[in-house]
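Encoded as structure tokens, the structure appears first; notes follow it.
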Amino acid sequence: MTSREFNHDAAAAKRAAKKGPVHITNRGELEAVLLSAEEYKKLNAKTQKITDLLAYPAAAEVDFDIERQTDFPREVIF
């Protein structure tokens, strides 16, 4: 869908977004992608911030071991 088509009939774009992502182009270049609210929520639900996870009260009970990465040594300047 071109940006001109989107501007002319946004309702059609919203209907199409219920069936799948709508790619909106401007002069042949991808400019935006319109998603349904349901698809957007699915995408956002998969990514969580570690700060949010650590703020969760039950996080204190999780055994969380992190090993220091040793394959990239760094120079120490005194």
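Side chains included, hydrogens not; waters and symmetry mates left out as well; all remaining heavy atoms used. Sequential numbering from 1 along the given sequence is applied to the chain's residues.
Under the side chain to side chain contact (heavy atoms under 4.5 Å, CB included) criterion, Ala16 pairs with Val22, sequence neighbours left out.
Residues Phe6 and Leu30 are members of separate hydrophobic clusters, defined by side-chain heavy-atom contacts under 4.5 angstrom among Ile, Leu, Val, Met, Phe, Trp and Tyr.
Taking CD1 of Ile24 as the start and OG1 of Thr2 as the end, the distance is 9.0 Å to the nearest 0.5 Å.
Between Ala17 and Ser36, the closest heavy-atom pair is O-CB, 3.5 Å. The two atoms that bring Val33 and Pro21 nearest to each other are CG1-CB, 3.8 Å, heavy atoms only.
A donor-acceptor distance shorter than 3.5 angstrom exists from the side chain of Asn7 to the backbone of Ser3, with no hydrogens or angles considered.
For residues 12-29, the pairs satisfying side chain to side chain donor-acceptor pair (under 3.5 Å) are Asn26-Glu31, with sequence neighbours left out.
Using a 4.0 Å cut-off between charged side-chain N and carboxylate O, Lys42 and Glu39 make a salt bridge.
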